[in-house]
Amino acid sequence: MPQAFTSKRAAIYQDVPDEKWNDWRWQLSNRLNHVEDISKVISLTESERKALNSSGLFRVDVTPYFISLIDPDDPEDPIRKQIIPTAEELNSFTAMMEDSLAEDRHSPVPGLVHRYPDRVLMLVTTQCASYCRYCTRSRIVGDPGQTFNRQEFEMQLEYIQKTPQIRDVLLSGGDPLVLAPKILEELLSRLREIPHVEIIRIGSRVPVFLPQRITPELCDMLGKYHPLWMNIHVNTPNEISAELEAATDRLTRAGIQLGNQSVLLAGVNDCVHIQRELVQKLVRIRVRPYYLYQCDLVPGAGHFRTPVAKGVEIIEGLRGHTSGYAVPQFIVDAPGGGGKIPVNPNYQLSMSDHKIILRNYEGYITTYEEPLEYKPHDPKTCHACQNKRPEVGQKGITALLDGEQMFIKPEGFDELHNRGGLQHRLKDENKWKPLGIGTEDSSEQKISD
Ligand SMILES: *Cc1c(COP(=O)(O)O)cnc(C)c1O
């Protein structure tokens with residue numbers, strides 16, 4: 001047996017009875033958000049105090065479970081940096097964008113982002129179990145006043161229903177697993193009623209912030225809506241505890257395929273050795289590393305950014321050096337709405353008609369001889385080529401060179417797009433300018449009135 005993962009509890013929680021500690025409701029209602037409470041658990045630096053005492057900061061909230069994973073005396077602790085703000089968060093908004101991925105521009109109805117041909121991102125809540133300082137959606141996340149209402153859920157479902165290209169629906173937020181269980185189940189069952197929705201995915205950090213929430217009842221409920229996939233969000237090996245292992249065990253036993261999406265963060269996990277330990281521990285708890293993201297250009301998160309080359313270096317240090325299952329894809333999500341772009345180390349040194357010069361992970365150089373004769377399959381007699389269903393976009397670079405439109409709108413797109421709260425927001429672009437920290441008026445950012 002490999003070495004077991006451990007459990008931790010900060011000193012102030014030693015006397016909390018186990019029934020309470022293991023109860024997700026207790027964890028949620030005892031979250032820490034004020035400087036006085038947090039300073040009882042970890043010794044705060046001047047910079048952290050300054051941030052915690054300033055107004056207009058992106059929401060701070062941490063579960064007792066998650067804060068207990070921090071080494072209270074280490075200001076460089078990699079978990080601490082993810083959830084405790086520092087004064088750096090108040091600095092430098094240059095080149096930062098409130099909605100850096102232009103999600104709002106790709107929203108046909110409030111909370112639904114349709115950027116790729118066959119799948120949509122459905123934002124179902126703005127609430128999380130704890131809040132990551134580098135949150136890519138800090139423009140809406142954390143504010144309970146901006147969360148989505150029933151009318152918006154109905155519009156999201158209606159859009160999915162009317163758009164047969166959508167075969168994959170990704171629930172995100174905020175964190176879908178903090179929704180009231182009844183509402184979450186209603187959404188899942190309504191999605192399952194739509195025949196063209198083949199798979200449902202949930203993006204959640206609840207297993208990491210609040211593993212107690214992954215109860216057998218929740219797993220039974222989720223298991224009714226297969227095929228269901230889930231991506232969790234672990235950034236460092238320190239987050240892999242006995243509790244997280246128990247949660248992923250329950251989820252995988254309920255038949256849910258688990259992946260991990262992490263964000264490359266300066267001073268947190270920008271190290272090939274930390275990343276190798278992370279991905280190896282993830283596969284031990286049966287979580288397949290899926291994406292490693294370049295940190296987005298969100299206001300207040302500039303100090304977390306790394307050069308893109310760092311991500312490439314990390315992938316190069318994983319591929320070949322450890323199990324293929326443990327190697328994620330490094331992604332730059334293009335600012336302005338270009339979508340996810342994979343960026344890879346280059347193993348192909350040159351290519352001619354007959355030969356490719358390649359290198360392996362150790363730097364060994366090899367020549368691959370191409371086949372002399374290649375008889376490609378015939379698209380005219382190929383069943384798959386003849387019967388492929390109409391697609392949105394996906395024509396690639398040839399369409400672009402021919403001057404063709406890349407995004408072919410599905411029928412009814414315009415009518416749906418011009419409904420709801422989005423229109424009033426986009427018609428006055430000036431209103432949608434980046435808001436600096438300290439701007440108290442959040443009414444302009446509302447998803448819907
Ligand atoms: C990330 C994302 C998806 C899912 O992309 P995959 O590469 O399929 O995981 C879908 N829609 C939006 C808007 C996204 O940002």
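Order of listing sets the numbers, starting from 1, for every ligand and every atom in it.
Listed by number with element, the atoms of ligand 1 under 4.0 Å from a non-hydrogen atom of Leu121 are 11 (N), 12 (C), 13 (C). Using a 4.0 Å cut-off to heavy atoms of Leu170, the atoms of ligand 1 that qualify are 3 (C), 4 (C). Listed by number with element, the atoms of ligand 1 under 4.0 angstrom from any heavy atom of Tyr290 are 6 (P), 7 (O), 8 (O), 9 (O). Each of the atoms 13 (C), 15 (O) of ligand 1 lies under 4.0 Å from some heavy atom of Arg115.
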Could you give me the CA-CA distance, side-chain angles and deciding distance for Cys219 and Leu251, then say whether side-chain contact (heavy atoms from CB on, under 4.5 Å) is met? CA-CA 6 Å; Cys219 294; Leu251 289 165; 3.9 Å; yes
Could you go through the side chain to side chain donor-acceptor pair (under 3.5 Å) check for Asn360 and Glu362 one step at a time? CA-CA 5 Å; Asn360 79 354; Glu362 297 161 300; 3.1 Å; yes
Pair Leu69, Asn238 - check side-chain contact (heavy atoms from CB on, under 4.5 Å), show working. CA-CA 7 Å; Leu69 300 180; Asn238 299 17; 5.9 Å; no
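Listed for the Arg201 side chain is no donor-acceptor partner under 3.5 Å among the backbone atoms of Leu121. With hydrogens and angles disregarded, a donor-acceptor distance shorter than 3.5 Å links the side chain of Thr147 to the backbone of Thr126.
Of the protein's non-hydrogen atoms, Lys340 NZ, 3.0 Å is the one closest to atom 14 (C) of ligand 1. Remark: minimum distance from atom 11 (N) of ligand 1 to any protein heavy atom is reached at Tyr116 CD1, 3.4 Å. Closest to atom 7 (O) of ligand 1 among all protein heavy atoms lies Tyr291 OH, 2.5 Å. Taking atom 13 (C) of ligand 1 as the reference point, the nearest protein heavy-atom neighbour is Val113 CG1, 3.6 Å.
Ligand 1 has no nitrogen or oxygen under 3.5 angstrom from a nitrogen or oxygen of Glu103. Looking at ligand 1, you won't find any N or O of Asp168 less than 3.5 Å from one of its N or O atoms.
If you run side chain to side chain contact (heavy atoms under 4.5 Å, CB included) between Val197 and each of Gln161, Arg167, Arg192, only Arg192 comes through.
Here His106 has no heavy atoms under 4.0 Å from ligand 1, in either its backbone or its side chain.
Within the 4.0 Å heavy-atom cutoff, Arg201 counts among the residues contacting ligand 1.
Within 6.0 Å of the OH atom in Tyr347, the count of heavy atoms belonging to other residues, nucleotides or ligands exceeds 12.
Checked against ring-ring contact (aromatic ring centres under 6.0 Å, His included), His226 has no partners two or more places apart in sequence or in another chain.
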